[in-house]
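Just below is one structure, and these are the notes that go with it.
To find a chain, count down the sequence lines: A is the first, B the second, and so on, and within it residues start at 1. These figures come from a predicted structure and were not determined experimentally. Side-chain atoms are counted along with the backbone in the values below, which use heavy atoms only and exclude waters and symmetry mates.
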Number of protein chains: 2
Amino acid sequence: MSGFQRYKKILDLFSEERSFWTVLEISKSLKTPSSTIYRIVREMVTAEFLESASGSYFRLGPAFIKFNRIINFSDPLVRAGQPFLKKLANENPITSVNVLARLYGNNVMCVADYKSPTFKKNTSYQRGKLMPLIYGATSRAIIMQITGKRLENLINLENFKSDEDKTNFLKELKNDRKKGYCFTEGQVDKGLIGFAVSISNKKLGIVASLSSIFNLDDFLLEHEPIIYANLTTYGLLVEKYINEIFDDIQKYHHETNSMR
Amino acid sequence: MSGFQRYKKILDLFSEERSFWTVLEISKSLKTPSSTIYRIVREMVTAEFLESASGSYFRLGPAFIKFNRIINFSDPLVRAGQPFLKKLANENPITSVNVLARLYGNNVMCVADYKSPTFKKNTSYQRGKLMPLIYGATSRAIIMQITGKRLENLINLENFKSDEDKTNFLKELKNDRKKGYCFTEGQVDKGLIGFAVSISNKKLGIVASLSSIFNLDDFLLEHEPIIYANLTTYGLLVEKYINEIFDDIQKYHHETNSMR
DNA sequence: AAAAGAATTATCATATTATGATAATTAGTA
DNA sequence: TACTAATTATCATAATATGATAATTCTTTT
């Protein structure tokens, strides 16, 4: 183990289900002597990436909250898209969850969400949560932007039941790419349906989507055109704002860099 | 520079105001050759603690969103307190911002907040934001739990205008400690007032506070007893739940550790 | 399409740092 | 108080990071 990996491996042990670890547990789990782990953990506590509780337990530290906040207030995708989620919810014909998601490594991650106050069911789409790559409209509108070898690599990581399933998926992907939007039913949460459009920004390396999720029971066919119109309109708006934000950033850097 | 510091120093460059950095900018700023920075940045991109955009810019990576989410869903303080913030807001006699905050290094950090929908003004208390240690009721209810050398060290980091100011502050602290709650006016945001109670859990090393912030203009003297009653009641409830959560965690560890 | 320039990665000898077994200390508990 | 568990210190050795430079790749311009 070397470099940043040394620290990452420890952080990766912490999960929602298991958020407290003792040094001995870490040591066993990583098959590394406890004297080494003690030293590393101490470093990370100093840096506030870990925090110690009594009973010799350690948990994730407040640094993550701090940096998360910085991202939240400065990430172009979040900044550009967040304000529209509520509007989208209000203009949708039925109660909805609205989600901004992006490619995150080999997964899709939700980066912002807004649920209508009247939406009762719990959904799998919540900020920070990793989502499966091949299920749900939210993910589809992301993966359909990817082509060639990159797509192949991503797809090969997934466990399709059969080769037929895989071929079907790729066919659907192609279709949706042409249409410019996606629809899926119950792929992530039972009883829910999703609609999504792609969002991207080449300069910023953003591969993302904007989606609305509804209760199947609430949905009528006549809602469809309105839903697509809303998503398309706001999707374009979000892209426009991302561009503007990036331009501002570049301008700022040119100014400050030329000041010396 | 060695160990985790090497990585931390780079991360610490990123802020809300300046969220994009090029390798060259980092290299200049840290007075370290760019070949070294390139290597380190690449490592962090792999670990998803940094992310590259085009134009050779880098920004904070999605790992922070992921770990933040884990904290959000597993931190005993947040888990115990978050659900009460809305209730507190609803039961307060006037529109309010309600905040859970905790000691974070030498600062106070807000870890959860709920604003009444009718509360219009922007406040400085938002999740993840660092707050001054000696201003505002939210911070006061935290620092008043600290005594002895620890308190002295913390206080000495602050710039009091005069020794008199410092003595006064310590006197007020003592008073509030006796009373069991705090009140301040306009110390953090003009036109706002704050009420706070302490929250702590020795086992978990939690030194925190629960507070309600109001518009000075809305406030009448007759509101005061209700506000204190609410804060006290919910403060105790939060502490009770923190305890229960910790007991669950311990039970879980005993079980899984004895399984081998 | 070629060329120039910028960004990024590779190389490698050397300096620095991490490792882990063990001992020493400290904190927690009965 | 004494006992046990947790944490820190020590240190020789193995492993790794560093940074100057060269090589490569990516972008932009003509």
Side-chain angles (χ1 to χ4, degrees), chain A residues 1-11 13 20-47 49-59 61 148-150 201-205 246-247 249-250 253-254 257-258 260, chain B residues 1-11 13 20-47 49-59 61 148-150 201-206 246-247 249-250 253-254 256-258 260:
Chain A
M1 232 189 313
S2 74
F4 196 67
Q5 271 309 103
R6 184 171 45 235
Y7 306 100
K8 178 98 189 314
K9 278 219 172 169
I10 292 178
L11 292 174
L13 292 174
F20 283 80
W21 287 78
T22 66
V23 168
L24 253 42
E25 286 166 349
I26 296 172
S27 158
K28 266 184 197 167
S29 182
L30 300 183
K31 297 187 180 71
T32 305
S34 59
S35 63
T36 302
I37 301 294
Y38 269 115
R39 190 166 355 94
I40 297 178
V41 164
R42 204 185 326 150
E43 267 190 282
M44 294 174 87
V45 169
T46 307
F49 277 65
L50 288 179
E51 194 177 44
S52 74
S54 82
S56 70
Y57 289 113
F58 291 87
R59 59 164 174 261
K149 231 179 202 167
R150 178 90 195 277
N201 185 296
K202 237 187 159 182
K203 285 185 210 155
L204 281 166
F246 186 66
D247 287 346
I249 290 168
Q250 279 207 314
H253 277 256
H254 280 145
N257 283 340
S258 58
R260 276 167 280 145
Chain B
M1 235 190 312
S2 74
F4 197 67
Q5 270 311 103
R6 183 175 42 238
Y7 306 99
K8 178 97 190 314
K9 277 217 172 168
I10 291 178
L11 292 174
L13 291 174
F20 283 79
W21 287 78
T22 66
V23 168
L24 254 40
E25 286 166 350
I26 296 172
S27 159
K28 267 185 199 168
S29 181
L30 300 183
K31 297 187 178 73
T32 306
S34 57
S35 64
T36 301
I37 300 294
Y38 268 116
R39 189 167 355 95
I40 298 178
V41 164
R42 205 185 324 150
E43 266 190 282
M44 295 174 86
V45 169
T46 307
F49 277 65
L50 288 178
E51 196 176 42
S52 74
S54 81
S56 71
Y57 289 113
F58 290 87
R59 59 164 174 262
K149 230 177 201 166
R150 179 89 197 277
N201 185 297
K202 238 187 155 180
K203 285 185 210 155
L204 282 166
I206 290 174
F246 187 66
D247 288 346
I249 290 167
Q250 278 207 314
H253 277 255
H254 279 144
T256 52
N257 283 340
S258 59
R260 273 167 282 143

Atom CG of B:L30 to atom P of D:dG19: distance rounded to whole Å?
11 Å
Testing C:dT8, C:dT19, D:dA6 for proximity to the side chain of A:L24, the answer is D:dA6
note: A:M44, atom CE; C:dA18, atom C1'; distance rounded to Å ~ 15 Å
Options D:dT8, D:dG19, C:dT8, nucleotide nearest the side-chain atoms of B:S56
C:dT8
Nearest heavy-atom pair of B:L204 and A:A53: which atoms, and what distance?
O-CB, 3.7 Å
Can any side-chain N or O of B:R6 pair as donor or acceptor with the backbone N or O of A:G3 at less than 3.5 Å?
no
Grab the CH2-P distance between A:W21 and D:dT7 for me, whole Å please.
16 Å
If you only use heavy atoms from C-beta on, which nucleotide in C:dT19, D:dA6, D:dT18 is closest to the side chain of A:R39?
C:dT19
Considering only side-chain heavy atoms of A:T36, which listed nucleotide, C:dT19, C:dT8, D:dA9, is closest?
C:dT19
Any side-chain to backbone donor/acceptor pair from A:S52 onto A:F58? Under 3.5 Å, distance only.
no
Closest to the A:S35 side chain: D:dG19, D:dT7, C:dG20?
C:dG20
Whole angstrom value for the distance that separates P of C:dT17 from CD1 of A:I40:
16 Å
Could you walk me through whether B:S34 and B:L24 pass the side-chain contact (heavy atoms from CB on, under 4.5 Å) check?
CA-CA 6 Å; B:S34 57; B:L24 254 40; 4.0 Å; yes
Just compare C:dT19, D:dT18, D:dA9 and give me whichever is closest to any side-chain atom of A:R6.
C:dT19
Pairwise distance CD1(B:I37) to CG(B:L30) - rounded to 0.5 angstrom:
5.0 Å
OP1 or OP2 of C:dT9 sitting under 4.0 Å from any side-chain N/O of B:R42?
yes
Which nucleotide in D:dT7, C:dA7, D:dT18 has an atom nearest any side-chain atom of B:Y38:
C:dA7
Between B:S27 (side chain only) and B:T32 (backbone N and O only), is there a donor and an acceptor less than 3.5 Å apart?
yes
Rounding to a whole Å, what distance do you find between B:Q5:CD and D:dT18:C1'?
18 Å
Take atom CD1 of B:I37 and atom P of D:dG19, then tell me their distance rounded to the nearest Å.
8 Å
Rounded to whole angstroms, how far apart are OH on B:Y7 and C1' on C:dT17?
12 Å
Whole-Å gap separating C1' (D:dG19) and NZ (B:K28):
18 Å
Would you please test A:F4 and B:F49 for ring-ring contact (aromatic ring centres under 6.0 Å, His included) and show each step?
CA-CA 10 Å; A:F4 196 67; B:F49 277 65; 4.9 Å; yes
Students often get this wrong, so: under 4.0 angstrom with heavy atoms, is B:S2 touching a base, only sugar-phosphate, or nothing?
sugar-phosphate
With axes from five pairs an end, tell me the bend angle of the helix from C:dA1-D:dT30 to C:dA30-D:dT1, nearest 10°.
60°
Which part of the nucleic acid, if any, lies within contact of B:T32, taking any heavy atom under 4.0 Å across all strands shown: a base, the sugar-phosphate backbone alone, or nothing?
sugar-phosphate
Crowded around B:K9 NZ? As in, over 12 foreign heavy atoms under 6.0 Å?
no
